[in-house]
Structures are given as C-alpha cells and as structure tokens.
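Quick note on labels: first sequence line is chain A, next is B, and so on, each numbered from 1.
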Amino acid sequence: MILHTVKTSPLQTFALADCLNYLAKDDALLLIEDGVIASYIQLDHLPLLLTLNNEGRLWVLQEDLKARAVVNNIAIACNYKGFVELTIKYKNHLAW
Amino acid sequence: MILHTVKTSPLQTFALADCLNYLAKDDALLLIEDGVIASYIQLDHLPLLLTLNNEGRLWVLQEDLKARAVVNNIAIACNYKGFVELTIKYKNHLAW
Amino acid sequence: MQINKTKFTLVIMGPPYGSQSASSAFQFCKEAVENGHHIVGVFFYQHGVLNGNQLVSPTTDETNLPQHWAALAHKYKFPLEVCISAALRRGVVDQSEAQQLALTQFNLTTPFVLSGLGQLAELSAQCDRLVTF
Amino acid sequence: MQINKTKFTLVIMGPPYGSQSASSAFQFCKEAVENGHHIVGVFFYQHGVLNGNQLVSPTTDETNLPQHWAALAHKYKFPLEVCISAALRRGVVDQSEAQQLALTQFNLTTPFVLSGLGQLAELSAQCDRLVTF
Amino acid sequence: MPEKKVALVNRKASYGSTDGRESLDALLALATFNNSLSVFFIGDGIYQLIKNQLPRLILQKNYQPVFKLLDLYDVKNIYVCEDSLKRRNISENDLIIKVAMLSNKELKQHLAQQDQLLGF
Amino acid sequence: MPEKKVALVNRKASYGSTDGRESLDALLALATFNNSLSVFFIGDGIYQLIKNQLPRLILQKNYQPVFKLLDLYDVKNIYVCEDSLKRRNISENDLIIKVAMLSNKELKQHLAQQDQLLGF
C-alpha cells in the first residue's frame, strides 16, 4: 500500500503519467503543489483518474488548490492534516 | 529567427512538445543536456523533427550526446563552437 | 481519546526558495507534530541542504524557511540533519568544516547539523513512516 | 581572416551543482571568448545566484563552477553580476550586505558582484546576443 | 539605434516554482529602462493570472497585485495564448488583468518580432 | 524486528540533473547499514546505466564505475523496467551492469513489498 504524491503539473512533466503507470491496485494518489492542476483539466488519463476517485483512492491537497484558485472536479479534497493521516494509513510513500 | 534550445528529456517534460508548438518557419531547434535524448527515440513528434532536419534546422549538441552515450539518428550534430555560431546566425534565443 | 503516535522521518530534497517542496515539507512536519506525532528527524539531501543556510534573507513579508525549521525543531525537539557531501558541493558548511577547508566564512545555522548519509540509514531504521519531499 | 566579434550577454538561471545548465553556460561562455567574441556580462538570476557562493566545496576531482567562472571572468575581463534580490532570498550575500543585515558571515566570492535587476536591462541594451541558460 | 524589443515568456504555473514571481520582478525592473517590452503567457503560464488566489495558505506571498502595476509601468503588450487557455478550460474572465488573446499563428509572429527573449 | 526493506527508485537521466549520482551515493551509504536494499531504474532512469559515457566532456565526473561496487556492497536487487527499455530502443546489452528485468506487473509487485521508498 503506497501513497504516491505528484507535485508537478500534468502539462509540464510526465510525473502523473509515470506514476499512474506504476500505481498498484492497493495504492492511492495525492495531488499536491502544481500537481493539483490535474484535478480540473481534461487529460488523457481521465478514465483512470475517475476510477481512482470512485474507489476513494484519488486525493488533492486543499491548501494547494485554494492557493492557485484551481477548481477540483475529480478528487477527494483533504488538508495537511489529511495528508499526514494518509501517510499513516498507507504504510509507504513515493514522491514523483 | 529564433534559436530554441531544449534541455530536458522528451519523456520527462513537455518542453520539446511546447517548443515545437511555437516554433516558426524561420526558427531552428538545438537539443542540449538531457534534451539530446530526443535525437534517438521514436516520438510522436518524429515527422515534424524529420522535416526540421531536412530543412537544416534541427541540431544536437555533440558533447551532451557523447557524455550520455546517446546515439543521434535525426539531427545535425554540432559542438560548443557550433552552438555559439548558431546563436549568432539566429538573432534571438529562447531556452525551454 | 488517545492518539496513536506515529514516528516520522522526513527527507527534504528541495531548496528553501525557488520551488515549493521544502515549504510543503515544513507544513506537513508542523501538522504532524501539532497532531501529537513524533518526528524522529528531518534529513536534508540534494538541494534540501540549502535549508540550513543562515544567510537566507527574504523580505520581512516573506517566509524565512530556515528560521521556521529551526523554530519548529527547537520547540518539538527533533534533529535537523544536513547531508555533508551534498552540503559541501552546494556551499553549505558549518564553522568546524569551514576551518578544515580553510574557508574564512561559514553559513550553517543551528540547530541544523552536518551528518553523513549513514544518519539517513539510522533515521530510516527508527521511523514508522518515511516521507519524501 | 577577421572574426566578426559578437557581443554576448549570458543569463544564468541554474545552480552550480544539481542541474547542468550553469555548467552548459560556462562551456558556452568559454567557447565564445576563446573564439574571439566579447562577453558584455554574465547575469546570475534565480538559482543562478548560487554560482557566486565561495563556500561551494566539491571534491578535488569534481568541477568547482564558482572558481571556474571567477577564473574565466578574470582572464577575459567581463563582469559577473549577481541579482541582489534573488541572492538574498537564496542566502548569497557579500560582506557589506551582510553588515547591513546584521549577519556575521558572508559568502559571495570575487569577482562576482551584487547588482540590481536594472543591470540586466543595461546588459540587455549593450549586447548583440542575449543567451539564457 | 532603436530600443530593443525585449519579451518575457512565462510557461510555468505559480507557486510550485517561483519562476512566475521572479519573471514579474524582472519585467518591472526592465520596464524602468525599456519601453518596448512584451510579456507572453503560454502553456501553464496562464495559471499565474487566475483570480482569487490565496498563496498565504502555502506560506507564499500573493504577488498578483503587482500585475495591476504593469499598466502604470507602461507595459501594454500582455499576450496570452488562446489555445493554452482553452486546453485548460479557463476563460478570459477568470484572469486578473486585461490581456490580448493570440492564436498560435499570431503568437509565432509576435515572438518573431522580438529582439531578445527571456523564458521563465 | 526484521530489517526494513528499503528501495531507491531512479527516474531521471544522468547529467541533466545530479539525481542519479546522488541516488547512488545514498544507495552505497545505506548498504553499509541495511542488507535489504533494492534499486529500481524506471523511465529515463535507465539512461544512467548506458555504457561508454564520457561526462568529462560536460565537466562532470563519471560515476558509472561506482555501479560495479554494488555487488561488493551486497546490493543484489537491481531492477529495470522492461517497458521503459523498449520504449527507448535500448537493449540489455547496452547496460553496464547485470540487472533483473521486470514487467510492469512485476514491478508493481516488487514495489508493494518494500517498506520505504526514496524517489530520485
């Protein structure tokens, strides 16, 4: 059970694409920093992101969303406290 | 007449894709640093890169190629002296 | 209600200014300790070593991340370990290292300390969770 | 054969260690001056300001980029201008700035000098070619 | 000799990196000395201009009010890539300052007219 | 308590950034204290392993000989993503050390077995 964090924009780097490629079925993904941009725009990965969201495995950091005034259409929003809790729930962490 | 330089891998960032999107017909492209990776692998942009090469507008920095042992199949190789000359020939420079 | 205390090690790879990751790490760290968790240590590697530079001097309305780290570490008593090999390459040295290298100046601020990568192994062994920024 | 001398201004955005761009810039700069061209000035901005840090201490078999810049600038007599606002945020200060900020240490090495962004405008106006790294 | 046409090209979103903020600092400084400046927002650069940002939540300063000063500093050539906006589902109304929209073709033409470019 | 399984995940090409080199430094240091290490090369990370590199041409040190020490340090779990190699037209023979090839599915399984991951 790995919590993956992606911190770059999906239109700037391939971090999100690469992360999704190695994400296992028990893992979760938290979008942080510029990575929160993926929670609004229409991406090629949308079907996979929607599936992750339906399974409660796609998160986005609220502070980073609000800082950028980016709207979240696709993920469960959590604050830094939620981020800490996610790292406890998922025993391992990988930053992309 | 702009000389564009791309320094990141085409499989790491969208710098090459973005650069090609804004490259005008008088412009040239020089691949440097990790950007030289684009001179070997099969990319979606291959047709455009081949056209650029045919028109003598696609260059790759030899020192960066050899440092990485990456083979160049697609661009005109030049050394740092050639890089300096390209910046003189093309009056303007944009780094991606 | 009793909180299950988790022991965290944080690894910081980003600089104090220029990219957000060290700042994200600080916010995560603060939230963790304020919610009763324990920080075994914060290990600064790669560009992260610049967080220990006492010469960082933003304007007064901006965040001074080295000072923030120092204050939080002081309050909650956890170590700030700066990888010495990454630090030397990036120009972060403490007073004794400066003397050894015959440098007339130094810039590492307390309570940051220079450590070897072995310390990362130690922090990795001691924690329940390793989180990287 | 006479060489047409071109006047270059280089803008360096990357740090001396961690990413290649400052090193690429140095190699470009060296090639340009050795081929008879003129460097109006090198302007260090963003993470580039860290190139002026005299505490950078790689092992002896590695490149010490601040020293390389200093030697090349000395030999070919061109200025190394470090943006002061970017430098203060990243912990690069000279002796006089350190005194003003009540810091006991400093780390900018000669011949690097702290300048305002206005100096970038000046270098931009004076050159034939502006190249960014 | 006529004044050089200098342009800054912004391609990164705010806050993940300080590129946007440091580009704006450079723009204002250059504007004191040069009246032929342009600034382009392409790709993720347009995220710098979205209204209602609250960067204090992530310990950063809100530099957006500085964009309002561009007019005072006589920086009139503020261009945004229309395709980049569309790709990101952002409308002109979401932006904090008035900008000129450029198609991809127009953008290339405008870039070609510059003497010097600085990318951020 | 059994020793933790720690893995380093390399995703960047050499020399554009020092990530590869600093990852290897960390790996050797950890290997002195921990015998349950693994190292993964995925995506552009495999460029770190290509033979015949000449980084002195770009003022950098060749750290590739250090990979040969991994065996001495008892780091036996060296994994490469097969898809990443194929995508880049690189064959196993182009690599400077012997590695274990993993399919995407196997890679996920191996990652899942780790206790701690460090990405570079």
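- Heavy-atom distances place the side chain of C:Pro15, and not its backbone, under 4.5 Å from chain D.
- Of the possible polar contacts, none joining the D:Gln105 side chain to the C:Asn107 backbone as a donor-acceptor pair under 3.5 Å is found.
- Interatomic distance, C:Tyr17 OH to D:Arg90 CZ, rounded to the nearest 0.5 Å: 6.5 Å.
- Inter-residue side-chain proximity for D:Pro58 and C:Leu88 is flagged as unmet; no heavy-atom pair is nearer than 4.5 Å.
- When each of C:Ser85, C:Pro66, C:Ala98, C:Gly18 is checked for heavy-atom pairs under 4.5 Å with chain D, C:Gly18 comes out on top.
- The line from OG1 of C:Thr104 to CD of D:Gln95 is 8.5 Å long, rounded to the nearest 0.5 Å.
- Residue C:Gln54 touches chain D through both its backbone and its side chain, counting heavy-atom pairs closer than 4.5 Å.
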- Candidate pair C:Leu50 and D:Leu50, rule side-chain contact (heavy atoms from CB on, under 4.5 Å), full reasoning: CA-CA 10 Å; C:Leu50 295 161; D:Leu50 295 161; 3.9 Å; yes
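- How far CG of D:Asn53 is from CG of C:Asn53: 7.0 Å, rounded to the nearest 0.5 Å.
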